[in-house]
Amino acid sequence: MKITVIQQDIAWKDVDTNIARMEKLLREAEHADLYLFPEMCSTGFCMQPEGVAEDAEGRTVQRMKQLAVEFDAALAVPVMTHISGKYYNRMYFITPEGIKGTYDKCNLFEYSGEDKVFVPGKERVIWNWRGVRICPAICYDLRFPVFLYNRGEYDVLLISANFPDSRLLAWNTLVRARAIENICYVAASNRVGVDEYGTYQGNSVILSPYGETLAACTPGEQGSVTVELDNDMLIKMSFLSKLK
């Protein structure tokens with residue numbers, strides 16, 4: 001399986017512009033089985049969701065469903081979602097067959113007031129795609145190792161984030177720690193650009209189960225990197241993770 005991590009400059013609360021950027025970055029990327037976008041990739045990490053959050057079948061999801069068919073791939077797309085008067089920081093797992101699964105961010109970032117605006121998810125989820133088991137996580141989830149602890153349940157940890165430059169050391173340290181302690185691949189997508197909270201260098205990366213950097217995006221620039229997972233390594237780490 002090939003995984004592509006996309007590093008995007010997210011236009012603040014501008015869904016149409018962001019959909020166009022996402023499509024452009026997809027078309028420029030190496031072809032893969034799975035593409036990962038940063039947190040709230042169609043709006044930015046906005047705490048004023050009224051009039052911006054999308055329905056479960058909103059513009060972003062609809063366009064990504066079309067592109068999943070065109071690319072014959074899965075897209076992991078975190079979208080600010082509005083359902084029955086409530087708001088969710090939700091990642092959609094979209095395949096050529098449609099929405100295969102969703103994950104609602106469980107650990108909300110209290111410092112920004114996210115816990116006052118959004119409904120937290122209730123559980124960790126695992127998706128299976130083309131023989132690979134995938135665990136999704138969103139930004140602040142990264143700081144909860146017990147929540148993400150792998151008991152042989154998954155092969156790849158997907159992390160979508162809006163980690164600003166002020167916490168970049170934490171980002172670089174935590175993504176590597178999660179790979180090593182969980183004996184899994186980590187694909188981590190962080191945004192670039194500027195918003196109301198600060199500046200973002202990205203440092204999006206794909207790591208091996210040993211914490212080695214397999215590929216990394218250029219800091220501060222939109223772009224993507226792609227890695228093909230090693231089948232022998234997938235078998236080995238599945239066995240090792242059950243022995244922990």
Side-chain angles (χ1 to χ4, degrees), residues 5-15 18 36-54 60 76-83 85-92 102-125 135-150 157-182 186-205 207 216-217 219-220 222:
V5 165
I6 290 179
Q7 183 165 278
Q8 177 190 349
D9 184 351
I10 303 173
W12 188 248
K13 299 173 71 171
D14 189 339
V15 175
N18 287 317
L36 174 67
F37 288 91
E39 183 180 19
M40 292 193 186
C41 53
S42 61
T43 58
F45 188 65
C46 170
M47 296 299 102
Q48 302 84 38
E50 297 83 2
V52 182
E54 301 182 52
T60 303
V77 187
V79 178
M80 185 193 301
T81 301
H82 174 249
I83 299 174
K86 297 180 180 180
Y87 299 101
Y88 301 85
N89 188 344
R90 175 169 293 180
M91 184 186 293
Y92 293 86
T102 62
Y103 166 70
D104 293 333
K105 185 177 181 181
C106 288
N107 299 286
L108 302 180
F109 188 43
E110 296 93 341
Y111 182 76
S112 70
E114 186 181 16
D115 59 317
K116 303 296 191 299
V117 179
F118 295 90
V119 177
K122 295 181 179 179
E123 59 184 1
R124 196 180 73 178
V125 303
C135 178
I138 301 176
C139 206
Y140 199 48
D141 286 330
L142 185 59
R143 291 183 177 269
F144 294 83
V146 175
F147 174 70
L148 295 175
Y149 191 69
N150 183 14
L157 178 62
L158 296 185
I159 303 166
S160 294
N162 269 245
F163 254 79
D165 292 352
S166 59
R167 293 188 286 277
L168 205 54
L169 176 60
W171 166 259
N172 292 334
T173 303
L174 291 170
V175 293
R176 202 170 305 279
R178 298 297 85 87
I180 295 168
E181 71 193 5
N182 291 306
V186 167
S189 172
N190 191 29
R191 69 159 294 177
V192 292
V194 179
D195 68 11
E196 292 189 354
Y197 296 98
T199 59
Y200 302 81
Q201 284 296 306
N203 284 28
S204 302
V205 67
L207 303 173
C217 291
Q222 289 196 120

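Checked against T81 for a side-chain hydrogen bond (donor to acceptor under 3.5 Å, both in side chains), the options Y92, Y88, Y87 give a single hit: Y92.
Considering all non-hydrogen atoms of both residues, L207 and V175 come closest at CD1-O, 3.5 Å. Closest non-hydrogen pair, P78 versus A76, comes out as CD-O, 3.7 Å. For P49 against M80, the heavy-atom pair with the smallest separation is CB-SD, 3.4 Å. Across every non-hydrogen atom of L157 and A137, the tightest pair is CD1-CB, 4.2 Å. Pairing each heavy atom of D141 with each of K105, the nearest pair is OD2-CG, 4.0 Å. Closest non-hydrogen pair, S42 versus V79, comes out as OG-CG1, 3.9 Å.
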Using side chain to side chain contact (heavy atoms under 4.5 Å, CB included), reason through I159 and V186 one step at a time and then give a plain yes or no. CA-CA 7 Å; I159 303 166; V186 167; 3.9 Å; yes
Mind running side chain to side chain contact (heavy atoms under 4.5 Å, CB included) on E54 and V15 for me, showing each step along the way? CA-CA 9 Å; E54 301 182 52; V15 175; 3.5 Å; yes
For R143 and L174, run side chain to side chain contact (heavy atoms under 4.5 Å, CB included): C-alpha distance rounded to whole Å, both residues' side-chain angles, the deciding distance at 0.1 Å, then the answer. CA-CA 7 Å; R143 291 183 177 269; L174 291 170; 3.7 Å; yes
Assess the residue pair E39 and S160 against the criterion (side chain to side chain donor-acceptor pair (under 3.5 Å)); give the C-alpha distance rounded to whole Å, side-chain angles, the decisive distance to 0.1 Å, and a yes or no. CA-CA 5 Å; E39 183 180 19; S160 294; over 6 Å; no
Given side chain to side chain contact (heavy atoms under 4.5 Å, CB included), test S112 with M47 step by step and report yes or no. CA-CA 8 Å; S112 70; M47 296 299 102; 4.0 Å; yes
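With T173 contributing its side chain and A170 its backbone, the two residues share no donor-acceptor pair below 3.5 Å. With N18 contributing its side chain and A11 its backbone, the two residues share a donor-acceptor pair below 3.5 Å. Between the N182 side chain and the N150 main chain, a donor and an acceptor come within less than 3.5 Å of each other. Side-chain atoms of W171 come within 3.5 Å of backbone atoms of N203 as a donor-acceptor pair (strictly under, hydrogens ignored).
Using bins of under 30°, 30° to 60° and over 60° for the plane-to-plane angle, the ring pair Y111/F109 lands in the tilted bin.
Every salt bridge (charged side-chain N to carboxylate O under 4.0 Å, His left out) that R178 has, sequence neighbours left out, goes to E181. Residues meeting the salt bridge (charged side-chain N to carboxylate O under 4.0 Å, His left out) test with D9, sequence neighbours left out: R21, R191. Evaluation of the salt bridge (charged side-chain N to carboxylate O under 4.0 Å, His left out) rule for R176 yields no partner, not counting sequence neighbours. Residues forming a ring-ring contact (aromatic ring centres under 6.0 Å, His included) with F45 (at least two apart in sequence, or on another chain): none. Not a single side-chain hydrogen bond (donor to acceptor under 3.5 Å, both in side chains) links Q8 to another residue, sequence neighbours left out. For Q201, there are no side-chain hydrogen bond (donor to acceptor under 3.5 Å, both in side chains) partners two or more places apart in sequence or in a different chain.
There is a side-chain donor-acceptor pair under 3.5 Å between Y200 and D195. Judged by distance alone, the side chains of N190 and S204 never bring a donor and an acceptor atom under 3.5 Å apart.
Here E110 does not pair with K116 in a salt bridge; the nearest charged N to carboxylate O distance is not below 4.0 Å.
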